[in-house]
**Student:** 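Please read through the structure below; I'll follow up with questions.
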Amino acid sequence: MNTLRDAVREYLEMRRGLGFKLREAGNGLIDFVTFLEQHKASFITQALVLEWVQQPLNARPAYSEFSASLREVG
């Protein structure tokens with residue numbers, strides 16, 4: 001079974017293979033997956049996205065570009 005972490009790794013590998021750097025966004029995705037794993041989530045829910053983006057900035061690394069894109073989801 002493909003885990004969220006595996007899916008993110010595959011996604012980043014594919015996009016980087018196409019020439020995208022995705023440094024900040026890639027770190028943000030990994031950080032988000034870590035948060036989901038800590039909540040034992042096997043899929044992404046709107047509630048978990050909202051919980052993650054509403055955390056105090058010192059509770060998670062500040063990946064402004066990635067965080068901003070997730071804020072648009074909520």
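Please read all numbers here as calculations on a predicted model, not as lab measurements.
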**Student:** Ignoring hydrogens and angles, tell me if any N or O in the side chain of D31 forms a donor-acceptor pair with the backbone of N27 under 3.5 Å.
**Tutor:** no
**Student:** Hey, does L4 have a side-chain heavy atom less than 4.5 Å from the side chain of F43?
**Tutor:** no
**Student:** Give the intermediate values and the outcome of side chain to side chain contact (heavy atoms under 4.5 Å, CB included) for residues F35 and L48.
**Tutor:** CA-CA 9 Å; F35 170 83; L48 285 170; 4.1 Å; yes
**Student:** What's the spacing between E24 CD and L29 CG if we round to 0.5 Å?
**Tutor:** 11.0 Å
**Student:** What distance do L12 atom CG and R16 atom CZ have between them, rounded to the nearest 0.5 Å?
**Tutor:** 4.5 Å
**Student:** Please say whether more than 12 non-hydrogen atoms of neighbouring residues, nucleotides or ligands are located less than 6.0 Å from CD in E37.
**Tutor:** yes
**Student:** Any side-chain heavy atom of L36 within less than 4.5 Å of one from F32?
**Tutor:** yes
**Student:** Rounded to the nearest 0.5 Å, what separation is found between the CZ atom of R15 and the CD atom of E13?
**Tutor:** 13.5 Å
**Student:** Using only heavy-atom distances, determine whether the side chains of D6 and T3 contain a donor-acceptor pair under 3.5 Å.
**Tutor:** yes
**Student:** List the steps and the verdict of side chain to side chain contact (heavy atoms under 4.5 Å, CB included) for I30 and R5.
**Tutor:** CA-CA 7 Å; I30 297 297; R5 186 167 297 276; 3.6 Å; yes
**Student:** Could you state the interatomic distance from NE2 (H39) to CH2 (W52), rounded to the nearest 0.5 Å?
**Tutor:** 12.5 Å
